[in-house]
Amino acid sequence: MEYCKYHPLKPATWYCAACDTHTCDDCSDESVYSDERRCFHCGAPLESLGAAYTVEPFWHHLKEIFRYPLNPPVMTLILVVSALGALLSFIPIIGVVAMLLAAGIFTKYSFRCLEETAEGNMVPPDIQDAYQGGLILIVKMILLLVAVVLGGAFLATFVGTGITSLLGMLVLFSVPAFLISYALTDSILSAVHPGNILRIISAVGMPYGILIGLIFLMGTSVDVLSYFVITDAEWITATLQSVISNYYMVVMFHMMGYVVFQYQEPLGFYARARTADIPQVRTQAEKLKAHVSVAVKEGQYDKVISLYREYLNRQADDVGISDSWFEFLYRSGNRELLADFAGSYLKLKLKKGCQDQLSLIYRQIQQLLPAYIPQEGEVCYQLALNCFNAGDYTGAVRLINGLQKKSRDIALLIRSFLLMAKALDELQKGEQAAKCRQLVTQLQRKADSVS
Ligand SMILES: [Zn+2]
Ligand SMILES: [Zn+2]
């Protein structure tokens, strides 16, 4: 099994032939318009690995496989068909037809389970699928069985019993491959073709033996269980035996479907687990984050920078991405770009109501740019207020000092210089505080004359 190059614990679902790397769904670029995926690293189209790499092997999945038919519609189908089949079987002629019908319905339904499972659907298909074409299917199977038995009898008479029993073993051994092939191709002729059977067996490899063993075990347990349910009432016995064998039949076909699902790659058959991880189309922001994460792990910092800038040129208001861009600049110590971005970032955070984070962001900016003072009036006031409340009076004064050159908003200036005066009081600088209050008076006069 291959794992994502960037997430060593995650099974890979894509392969880039150009980079020779395996990636997961997160680390590849999906298109909004088509199924195609591209490599984040080089932009080449990716090959899907199907679910081949992510499927648990069937022998680790037996508990779920055994529980597969345990849902109300399937259990109802099993009970009703078994009971009716058993009741009618005591009536001559009608009984034979009823038994054929019951067997037909079950064989048909079991094949549907195989097909659906092979496609990655781990929930039993609709039981209505069972009613159509079941009789034809069972007649085909019976004819095939008759042909095999007649062929065997012919061989035994003219060639010898040794070779016949050897061939018989081979035929038994091929049965699961035949059933899988038939479910996938819907053609008896191509399913009995030894070439196709061999292809399936070799694609599955050694685990085909495990499959045979499990089917054999299940067959034996049907016999054993059938023995335990023998009662005095004949039809109850028949019903119970039929319930057991039908239940096991669904389980066996589901297990064969699971084998196809697991070995889909060597079988040349692609499907994805439909239950949980169908990759969703992500938002632009989610995709950017994933792309950035790949570029960071590849050490391509220039690419990271251009990805963020391109995105923020279009969506300057995206706080989440702005946060990650700021964090990247801070961690990578990029003073030049941080000086560019700091002002608009602080303004955006204030606009989005994140006053409480402003001081921390400002401190982080100052670690890289010690002389930095924001240019935006509102940002300066809010930061100064945070400083004042935290007891940092010098910081508050520093932020407001010279604000009249940055902002023409008189109300804001009045608020700010009043705050500055209070800070100066705290610092025991009465003279400067008085000057500050003078400025406030002038500003108030100006405001009155305007209004
Ligand atoms: Zn990944
Ligand atoms: Zn690539």
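Both counts, for ligands and for their atoms, begin at 1 and track the order of listing.
Heavy-atom neighbours of K422 NZ from other residues, nucleotides or ligands within 6.0 Å: at or below the threshold of 12.
Within the 4.5 Å cutoff, side-chain heavy atoms of R415 are placed close to those of E378.
Applying ring pair (Phe, Tyr, Trp, His ring centres under 6.0 Å) to Y345 and the options F326, W325, Y362 leaves one that passes, F326. The side chain to side chain donor-acceptor pair (under 3.5 Å) test with Y6 is passed by exactly one of H41, H22, E298: E298.
Taking the Zn ion (ligand 2) as the corner point, the angle from C19 atom SG to C16 atom SG is about 110° (rounded to 10 degrees).
For the Zn ion (ligand 1), the count of nearby protein N/O/S atoms, taking only those under 2.8 Å, is 4.
Using modelled atom types, one side-chain atom of Y372 and one backbone atom of G343 make a donor-acceptor pair closer than 3.5 Å.
Taking 4.0 Å as the cut-off between side-chain N and carboxylate O, R112 and E115 count as a salt-bridged pair. A salt bridge links D323 with K349: at least one charged nitrogen is closer than 4.0 Å to a carboxylate oxygen.
Look at C42 and the Zn ion (ligand 2): an N/O/S atom of the residue is under 2.8 Å from the metal.
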